[in-house]
**Q** 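Take this structure first; my questions come after.
From a predicted model like this one, the values you see are computed outputs, not experimental measurements. Just so it is clear: chains get the letters A, B, ... in the order the sequence lines come, proteins before strands, and each one is counted from 1.
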Protein chains: 2
Amino acid sequence: MKWLEMSTENCTVQRTLDLVGEKWTLLLLRDAFNGVRRFDDFRRHVGLSEAVLADRLRKLAAAGILVTVPYQERGSRTRHEYRLTPKGRDLWPVLVALRQWGETYVGDPEGPVLDIRHRDCGAPVRVVVECPDEHTALSPTEVTVLPGPAARPAG
Amino acid sequence: MKWLEMSTENCTVQRTLDLVGEKWTLLLLRDAFNGVRRFDDFRRHVGLSEAVLADRLRKLAAAGILVTVPYQERGSRTRHEYRLTPKGRDLWPVLVALRQWGETYVGDPEGPVLDIRHRDCGAPVRVVVECPDEHTALSPTEVTVLPGPAARPAG
DNA sequence: TCTCTGACTTTGTTTCTCGAAGCTAGCTTC
DNA sequence: GAAGCTAGCTTCGAGAAACAAAGTCAGAGA
């Protein structure tokens with residue numbers, strides 16, 4: 001079965017983009033990874049409308065990517081903030097991959113906006129596709145791509 | 001300078017999403033990585049409208065992610081197909097990262113739709129964020145994130 | 001009581017996407 | 001040489017999504 005004959009209904013790229021592929025969603029996650037948690041901080045820093053922000057946060061919480069956690073500041077009533085769940089944190093490689101491509105092709109000539117380094121050794125981190133046995137970075141030409149057990153013909 | 005005080009104007013995640021973050025674009029690239037090259041094959045397999053497909057292919061070509069290459073089939077006039085450039089191929093980790101998250105959280109219980117393995121050893125490939133010195137997979141808690149040389153205060 | 005604030009919700013307008021229909025250039029068939 | 005076929009778009013009208021701005025709401029402080 002060739003790719004063009006396969007159904008994309010259960011494609012995991014597609015299903016992932018159904019959850020995080022809408023406009024603004026990945027930018028909200030970028031901010032969440034940088035410690036942003038509150039409605040108004042997201043709104044001001046990411047720069048989207050409040051209606052869309054409320055919708056995206058609701059969807060991300062419904063998907064289990066964010067959780068709402070109550071908090072109370074002195075002199076304010078109880079509110080809730082949005083935090084990444086482990087499921088949400090697992091999207092980190094997606095964001096680092098987007099950032100890495102951007103640094104290469106559309107980056108500021110002065111260098112990166114955020115400097116991400118390994119805490120232990122101080123070297124800048126990178127995203128690679130690797131073989132778990134040999135730990136070498138692979139390119140698309142070094143892999144075989146075949147239909148897997150869930151491959152189904154297009155309807 | 002804290003993240004919330006930094007401008008996102010030259011954020012490379014944002015700039016990358018400006019090029020590939022529209023609806024359908026990453027799905028078109030998924031198909032391109034699987035060998036799809038022609039207008040009608042994209043349309044039928046990805047399942048988007050022709051007007052949007054024409055728009056997305058134009059934008060991807062303008063961004064240098066795809067190139068149009070003329071070809072001629074027996075009994076047809078010259079047409080052109082869309083192929084990934086090296087710049088486009090460098091988006092591979094983004095797609096593999098999306099796929100990997102999807103396999104973990106929204107995958108088909110039967111297994112992957114596409115089985116991607118290292119050609120040399122046959123092991124399934126994975127995406128990791130790593131330190132280039134030590135080649136160990138890192139989590140968000142194992143890195144430091146600081147403003148880089150291009151960090152600018154929000155306007 | 002009266003105002004302030006964070007977190008939304010509502011409203012009216014603009015932009016995007018959809019499906020369907022139309023267009024175009026070269027090739028084949030009659 | 002007229003007529004039909006096909007891949008690759010473009011155009012069009014309708015519905016969906018996003019925008020900015022205004023409105024709501026609940027508790028805190030003055």
**Q** Let me know, please, whether A:G47 or A:E50 comes out on the 5' side of the other along DNA chain D by nearest nucleotide.
**A** A:G47
**Q** Would a distance-only check, ignoring hydrogens and angles, find a side-chain to backbone donor-acceptor pair under 3.5 Å from A:H80 to A:V67?
**A**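 No; zero donor-acceptor contacts below 3.5 Å.
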**Q** Looking at D:dG8, D:dT11, C:dT10, which one has an atom nearest to any side-chain atom of B:A51?
**A**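 Selected nucleotide: D:dT11.
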**Q** Out of D:dA18, C:dC18, D:dC9, which has the shortest distance to the side chain of B:V52?
**A**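 Comparing D:dA18, C:dC18, D:dC9 against the side chain of B:V52, the answer is C:dC18.
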**Q** Please confirm whether the shortest side-chain N or O distance from B:R43 to OP1 or OP2 of C:dC18 is below 4.0 Å.
**A** no
**Q** Can you figure out which of C:dC8, D:dG8, C:dA7 approaches the side chain of A:Y82 most closely?
**A**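 Selected nucleotide: C:dC8.
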**Q** For A:D40, is there an ion pair with A:R43 - N to carboxylate O distance below 4.0 angstrom?
**A** yes
**Q** With heavy atoms under 4.0 Å as the rule, sort B:R56 into base, sugar-phosphate or nothing.
**A** sugar-phosphate
**Q** Could you state the CG-P distance from A:L57 to C:dC8, rounded to the nearest angstrom?
**A**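 Whole-Å distance recorded here is 8 Å.
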**Q** Please determine, for the side chain of B:K23, which listed nucleotide (D:dG8, C:dT17, C:dA7) has the closest atom?
**A**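 Among the listed nucleotides, the one closest to the side chain of B:K23 is C:dT17.
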**Q** If you check the B:H80 side chain, which of C:dT17, D:dA18, D:dC9 turns out closest?
**A**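 So the side chain of B:H80 is nearest to D:dC9.
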**Q** Check whether A:T85 reaches the backbone of A:G64 with its side chain - one donor and one acceptor, N or O, closer than 3.5 Å.
**A**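 Confirmed, A:T85 side chain pairs with A:G64 backbone.
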**Q** So, does A:R58 get its side chain near the phosphate of C:dT9, meaning an N or O under 4.0 Å from OP1 or OP2?
**A** yes
**Q** Nearest-Å distance, CZ (B:F39) to P (D:dT6)?
**A** 17 Å
**Q** Is there a donor-acceptor pair under 3.5 Å between the side chain of A:R56 and the backbone N or O of A:K23?
**A** yes
**Q** Name the residue closer to the 5' end of DNA chain C, choosing between A:R79 and A:D55 according to the nucleotide with the nearest heavy atom.
**A**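 Comparing both residues, the 5'-ward one is A:R79.
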**Q** Provide, to the nearest angstrom, the distance between the CG atom belonging to B:L60 and the P atom belonging to D:dC9.
**A** 13 Å
**Q** From CG of B:L48 over to C1' of C:dG19, roughly how many Å is that when rounded to an integer?
**A** 12 Å
**Q** Please classify the nucleic acid contact of A:Y71 as base, sugar-phosphate, or nothing, using heavy-atom distances under 4.0 Å.
**A**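 A:Y71: backbone/sugar contact only, no base atoms under 4.0 Å.
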**Q** Select one nucleotide: of C:dA7, D:dC19, D:dG8, the one nearest the side-chain heavy atoms of B:R38.
**A**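 Of the candidates, D:dG8 comes closest.
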**Q** Taking A:W101 for its side chain and B:K87 for its backbone only, find out whether a donor-acceptor pair lies under 3.5 Å.
**A**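 A pair under 3.5 Å: yes.
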**Q** Considering every strand and a 4.0 Å limit on heavy-atom distances, what is the contact class for B:R44: base, sugar-phosphate, or nothing?
**A** nothing
**Q** Rounded off to whole Å, could you give me the CG-to-P distance for the A:L53 and C:dA7 pair?
**A**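 After rounding, the gap between these two atoms is 10 Å.
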